[in-house]
Amino acid sequence: MKKSHLVAAGAAVSAAAAASVLGAAYGIYRFWFYHAAQPEDISAEELSKTLPYGDQLKQDAEALAAAAYEPVQITADDGTLLAARYYHHADGAPVAIIFHGYKGFARRDGMGGYTLCKQLGYNVLLPDQRSHGASGGHTITMGVKERYDCRAWAYWAYKHFGPDTPLFLMGVSMGASTVLLASGLDLPRSVKGIIADCGYTSPHDICRRVLAQTGHHLPVGPIYTVGRLGTLLFGHFDPEDADCRQAVAKTRIPILFLHGEADDFVPCEMSRENYDACASRKQLVTIPGAGHAVAYYVDIPAYRKAVTDFLQECLQTSETNQK
């Protein structure tokens, strides 16, 4: 075979290999990270069927679905439209901003937090994360960009309610990691505390864990590398750009970490790592027997006490510091 033929054959093979890698990268991006925003469409009855602890879930879901709210929209730092529902319960009360998880929605993942905060007389803002619900976008970035959306919502609340209204950032699963990542940013001084329920340590860590759990015996390292290429090329974000441990290591804001001890999706150890890295006042509460994102419903009294005590302590500390 002539040298020119060999070169042409080599170029063809290289092109085919590159095309295969790009195709795989796009496939991983499309499957794991692409998520076009769409309105919620699930009833309280369906929630009680698809999730455990059906009776209590159904009761809380029906109450939240019937609650009056004000739709709110803001624009993210990158121009993405962000939407939320604001539930007003008392003038001048603290405001809880509750973030939902991966491919979830606010009125499901935030249901326990909403129920508890309403009982406490708090006002509640339930944002739809980017590429979810009524918000814009089509890429889930696992907290990389969502942390800045969280900051944007905090500043909206700061300006809307005034600097004297205490704000609390709360989240479940990816929402928990979102608020933890935001803790390392320049948040308003009126943010008095953060509550993170079953958050992961970093997008890198949770992506590799999920890959390892697929059961297809695929090599995690190479697949993750190809998937990362997909997020860079098609999602325009890098999962290596965010780490909750690094964020909480420089925060001043008190943080309550909550996690179910039977969580087999985001392991409880990840909250322990985040807790260990946290530089501010902190507390870790684990709920025996609770799986992923259901700690509130597994042990409502323990969960309620931990959250209520934390919020009250944050408010008391804030009042003391202002004197």
[atom1]/[X] to [atom2]/[Y] distance, rounded to the nearest 0.5 angstrom?
X	Y	atom1	atom2	answer
F257	D276	CZ	CG	9.0 Å
E70	Y87	CD	OH	11.5 Å
L126	Y114	CG	OH	8.0 Å
Y297	Y303	OH	OH	10.0 Å
D205	E269	CG	CD	11.5 Å
L311	Q316	CG	CD	11.0 Å

Can a donor-acceptor pair be found, under 3.5 Å and without considering hydrogens, that links the side chain of [X] to the backbone of [Y]?
X	Y	value
T165	G92	no
H292	A262	no
H204	S202	no
K282	C278	yes
S177	M174	no
T80	G136	no
H132	K103	yes
S135	A83	yes
T141	K145	yes
Q129	H100	yes

So, for [X] and [Y], which heavy atoms are closest and what is the spacing to 0.1 Å?
X	Y	result
A65	R107	CA-NH1, 4.3 Å
M170	A96	CE-CB, 3.7 Å
K250	G184	CE-O, 3.6 Å
I253	L187	CD1-CD1, 3.6 Å
K192	P166	CG-CB, 3.9 Å
C150	T178	CB-CG2, 3.9 Å

Hydrophobic cluster membership, [X] vs [Y], 4.5 Å side-chain cutoff:
X	Y	value
I206	Y102	yes
Y26	I28	yes
M270	Y224	yes
L256	L180	no
I300	I98	yes

L169: which of I195, I255, V95, V191 passes side-chain contact (heavy atoms from CB on, under 4.5 Å): V191
When V172, L116, L57 are each screened for side-chain contact (heavy atoms from CB on, under 4.5 Å) with M111, the one that passes is L57
Is there a side-chain contact between [X] and [Y], using heavy atoms and a 4.5 Å cut-off?
X	Y	value
W153	F99	yes
C268	D263	no
C198	S173	yes
V124	K118	no
L229	V21	yes
R209	V266	no

Applying side-chain contact (heavy atoms from CB on, under 4.5 Å), run through R147 and L185 and close with a yes or a no. CA-CA 8 Å; R147 58 181 157 176; L185 304 177; 4.3 Å; yes
Please tell me whether [X] and [Y] have a donor and an acceptor in their side chains that are separated by less than 3.5 angstrom.
X	Y	answer
N123	H89	no
Q59	D55	no
S271	N274	no

H35 ring center near H138 ring center (under 6.0 Å): no
Compute the centroid of each ring, for F33 and then for F234, and state whether the two points are separated by less than 6.0 Å. no
For L258 and Y296, what are the C-alpha separation, side-chain angles and deciding distance, and is it a side-chain contact (heavy atoms from CB on, under 4.5 Å)? CA-CA 9 Å; L258 295 152; Y296 172 79; over 6 Å; no
Derivation of the salt bridge (Lys or Arg N to Asp or Glu O under 4.0 Å) call for R304 and D299: CA-CA 8 Å; R304 181 191 293 123; D299 194 340; over 6 Å; no
Do NZ/NE/NH1/NH2 and the carboxylate oxygens of E273 and R245 come within less than 4.0 Å? yes
Salt bridge flag under 4.0 Å for residues D164 and R189: no
Take the angle between the ring planes of Y86 and F161 and call it parallel below 30°, perpendicular above 60°, tilted in between. tilted
Could you tell me if R108 sits above the aromatic ring of F105, with its cationic atom closer than 6.0 Å to the ring centre and no more than 45 degrees from the axis? yes
With side-chain contact (heavy atoms from CB on, under 4.5 Å) as the criterion, how do S131 and I140 come out once you've worked through the C-alpha distance, each side chain's angles and the decisive distance to 0.1 Å? CA-CA 6 Å; S131 79; I140 302 172; 3.3 Å; yes
Residue pair D77, R151: steps toward the side-chain contact (heavy atoms from CB on, under 4.5 Å) verdict: CA-CA 10 Å; D77 295 356; R151 179 178 63 180; 3.1 Å; yes
Does atom OH of Y158 have more than 12 heavy-atom neighbours, drawn from other residues, nucleotides or ligands, at distances under 6.0 Å? no
